Amino acid sequence: MPELPEVETLCRQMSAVMAGAQVRRLDILDARLGRGKNLRGMRVLTVAREGKWIIIRLEGERTIRLHLRMTGHLLWRESDLVILPHTRFTLTFDRGRLDLVDPRRFATLSFDSPLAEPAPIKNPLEGFDTGILIERAAKRTAPVKSFLMDQKVIAGIGNIYACEILHAAAIDPRRSAGSLSRAEWRKVATAAGRILQKAVACRGTSVSDWRDLYGRMAEYQNHLSVYGRAGETCLQCRETIVREPIGGRGTFFCPSCQR
DNA sequence: CGAACGACCTGTTCGC
DNA sequence: TGCGAACAGGTCGTTC
């Protein structure tokens, strides 16, 4: 589910409501998430995003690391504290409760674990270095779309935004990453920066069931050019958008203006 | 090292 | 209407 803009949205909203707050209790409802910790009385220092990871830093060098994978949702609730279906943990504060709701149970939770090796482009919101892209893509034969989604290279881009970025850059997603010219990588970098920034401003993309921390729909789904639009008309050239699997993932593109 | 593919889960949508 | 197949925002492990 959530890619960089969705996770960024949740982190900003959590930071606003949780920073400085004291944990009352943590309850793990799904044993798949592992054992909980006694965090009672600890204050939240910061809530930050690393790629698609959510890092909650607490007093005493304690951290909670959370990854929502495909269907993880986080909801902040202050009234009507009924446990919704598929709730996997609850983190209770004096002023409200943070719930993880995750139907597919792919989300993961860990405590105090070491940070992963940062990707060369660890925060696409701060801009891209085209040189790094070219260097890392050299000799890679996998499709450029899979390359954009490789978290070891760029942290945060997933299926929706990879499709949108390549359409904006007019690049065929099936081309090998190593085949793009410098000028094409510049177009990709520019498109990626612009699209991700705008998606953050829109609080993400609500395809199917994504909602923000307060259960509200996002806005970027109203700006999608290709994702989810198979059979519809390309707004750029009037050709029909197609869907074709790449790397096992549904990929949407315009066969006419993406070359 | 990189690439391809199945596995992990459950719910919803699609096609006959 | 009903039923099985296909599909879904993401990674990870295995095999070649």
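For clarity, every value in this text was computed on a predicted model and none was experimentally measured. By convention in this document, chain letters (A, B, ...) are assigned in the order of the sequence lines, proteins followed by strands, and residues within each chain are numbered from 1.
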K.L.:
Give me the distance, rounded to whole Å, that separates C:dA5 from B:dA7 when you measure between the P atoms they each carry.
P.N.:
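About 16 Å, rounded to a whole number of Å.
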
K.L.:
In whole Å, I'd like the distance from the CG atom of A:Leu33 to the P atom of B:dC8.
P.N.:
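After rounding, the reported distance stands at 17 Å.
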
K.L.:
Is it the case that the side chains of A:Asp94 and A:Gln22 hold a donor-acceptor pair, with the cut-off being a distance below 3.5 Å and no angle test?
P.N.:
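No, because no side-chain N or O of A:Gln22 sits under 3.5 Å from a partner of the opposite role on A:Asp94.
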
K.L.:
If the cut-off is 4.0 Å, is A:His67 near the phosphate of C:dT11, judged by side-chain N/O to OP1 or OP2?
P.N.:
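Answer yes for this pair, as a side-chain N or O of A:His67 is under 4.0 Å from OP1 or OP2.
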
K.L.:
Does A:Arg259 come within less than 4.0 Å of A:Asp172, counting only side-chain N to carboxylate O?
P.N.:
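Here A:Arg259 does not pair with A:Asp172 in a salt bridge, since their nearest N and O are not under 4.0 Å apart.
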
K.L.:
Strictly by Watson-Crick or wobble contacts shorter than 3.5 Å, is anything paired with B:dC14, and which nucleotide is it?
P.N.:
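Its partner is C:dG4.
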
K.L.:
What interatomic distance, in whole Å, is found between P of B:dC9 and the corresponding atom of C:dT14?
P.N.:
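Going atom to atom, P in each nucleotide, I get 15 Å.
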
K.L.:
In whole Å, I'd like the distance from the CG atom of A:Asp150 to the P atom of C:dG10.
P.N.:
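For the pair A:Asp150 CG and C:dG10 P, the rounded distance is 13 Å.
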
K.L.:
Measure CG/A:Asn159 against P/C:dT11 and give the value in whole Å, please.
P.N.:
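After rounding, the reported distance stands at 11 Å.
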
K.L.:
Would you call A:Arg175 and A:Glu184 a salt bridge, using N to O less than 4.0 angstrom?
P.N.:
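Salt bridge between A:Arg175 and A:Glu184, a charged N being under 4.0 Å from a carboxylate O: yes.
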
K.L.:
Would you say a side-chain N or O of A:Gln151 is under 4.0 Å from OP1 or OP2 of C:dG10?
P.N.:
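False: A:Gln151 side-chain N/O out of range (4.0 Å or more) of C:dG10 OP1/OP2.
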
K.L.:
Does A:Asp99 come within less than 4.0 Å of A:Arg97, counting only side-chain N to carboxylate O?
P.N.:
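Counted as a salt bridge, because a side-chain N and a carboxylate O are separated by less than 4.0 Å.
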
K.L.:
With P as the reference atom in both, quote the distance from C:dA6 to B:dG6 in angstrom, rounded to an integer.
P.N.:
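Roughly 13 Å separates the two P atoms.
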
K.L.:
For A:Glu135 and B:dG2, what is the distance between atoms CD and P respectively, to the nearest whole Å?
P.N.:
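It is 12 Å, rounded to the nearest whole Å.
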
K.L.:
Figure out the CZ/P separation between A:Phe147 and B:dC1, and round it to whole Å.
P.N.:
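To the nearest whole Å, that distance equals 16 Å.
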
K.L.:
If you look at every strand shown and take non-hydrogen atoms under 4.0 Å, does A:Tyr227 touch a base, only sugar-phosphate, or nothing?
P.N.:
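Sugar-phosphate only.
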
K.L.:
Using atom types as modelled and distance alone, determine if a side-chain donor or acceptor of A:Glu164 lies under 3.5 Å from a backbone N or O of A:Ile160.
P.N.:
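Side chain of A:Glu164 to backbone of A:Ile160: no pair is present.
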
K.L.:
Between B:dT10 atom C1' and A:Asp30 atom CG, what is the distance in whole Å?
P.N.:
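So the CG-C1' distance, A:Asp30 to B:dT10, works out to 12 Å.
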
K.L.:
If you measure from the ring centre of A:Phe106 to the centre of the six-membered ring in the base of B:dC8, is it under 5.5 Å, with the planes under 30° apart?
P.N.:
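The base of B:dC8 is stacked with A:Phe106 (centres under 5.5 Å, planes under 30°).
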
K.L.:
Between A:Asp102 and A:Arg69, is the closest basic N to carboxylate O distance under 4.0 Å?
P.N.:
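No, this pair does not count.
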
K.L.:
With the threshold set at 4.0 Å, does a side-chain nitrogen-carboxylate oxygen contact exist between A:Arg57 and A:Glu50?
P.N.:
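Yes, charged N to carboxylate O under 4.0 Å.
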
K.L.:
Summarise protein proximity over nucleotides 11-16 of chain B in one line of letters, 5' to 3': B for base, S for sugar-phosphate only, - for none, counting protein heavy atoms closer than 4.0 Å.
P.N.:
S-----

K.L.:
With a 4.0 Å cut-off, would you call A:Glu244 and A:Arg174 a salt bridge?
P.N.:
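Yes, this pair counts.
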
K.L.:
If hydrophobic clusters are built from ILVMFWY residues whose side chains come within less than 4.5 Å, do A:Val207 and A:Tyr220 share one?
P.N.:
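Yes, A:Val207 and A:Tyr220 fall within the same hydrophobic cluster.
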
K.L.:
Determine: side-chain N/O of A:Arg69 to OP1/OP2 of C:dT11, distance under 4.0 Å, yes or no.
P.N.:
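Answer no for this pair, as no side-chain N or O of A:Arg69 is under 4.0 Å from OP1 or OP2.
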
K.L.:
State the pairing partner of B:dC9; accept Watson-Crick or G-U wobble contacts with both distances under 3.5 Å, and report none otherwise.
P.N.:
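With both distances under 3.5 Å required, B:dC9 matches none.
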
K.L.:
Specify the separation, in whole Å, of atom CZ of A:Arg105 and atom C1' of C:dG10.
P.N.:
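To the nearest whole Å, that distance equals 17 Å.
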
K.L.:
Taking the same atom, P, in C:dC7 and in B:dC5, what whole-Å distance lies between them?
P.N.:
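The same atom, P, in both gives a distance of 15 Å.
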
K.L.:
Please check if the side chain of A:Ser113 supplies one atom and the backbone of A:Ser110 the other of a donor-acceptor pair under 3.5 Å.
P.N.:
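Not at all, since once roles are kept as given, no pair shorter than 3.5 Å links the two residues.
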
K.L.:
Does A:Arg32 place a side-chain N or O at less than 4.0 Å from the phosphate oxygens OP1/OP2 of B:dC9?
P.N.:
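Yes, because at least one side-chain N or O of A:Arg32 sits under 4.0 Å from OP1 or OP2 of B:dC9.
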
K.L.:
So, are A:Arg25 and A:Asp27 salt-bridged, with charged N and O less than 4.0 Å apart?
P.N.:
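Salt bridge flag = yes for A:Asp27 with A:Arg25.
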
K.L.:
Collect all protein-nucleotide pairs involving nucleotides 3-6 of chain B in which both atoms are nitrogen or oxygen and the distance is under 3.5 Å.
P.N.:
from	atom 1	to	atom 2	distance (Å)
B:dA3	OP1	A:Thr141	N	2.6
B:dA3	OP1	A:Thr141	OG1	3.3
B:dA3	OP1	A:Ala142	N	2.9
B:dA3	OP2	A:Arg140	NE	3.3

K.L.:
Using a cut-off of 4.0 Å on non-hydrogen atoms, how would the nucleic acid contact of A:Arg88 be classed: base, sugar-phosphate, or nothing?
P.N.:
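If one applies the 4.0 Å heavy-atom cut-off, A:Arg88 turns out to touch nothing in the nucleic acid.
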
K.L.:
Would you mind reading off the distance between A:Asp209 atom CG and C:dC7 atom P, rounded to a whole angstrom?
P.N.:
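To the nearest whole Å, that distance equals 19 Å.
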
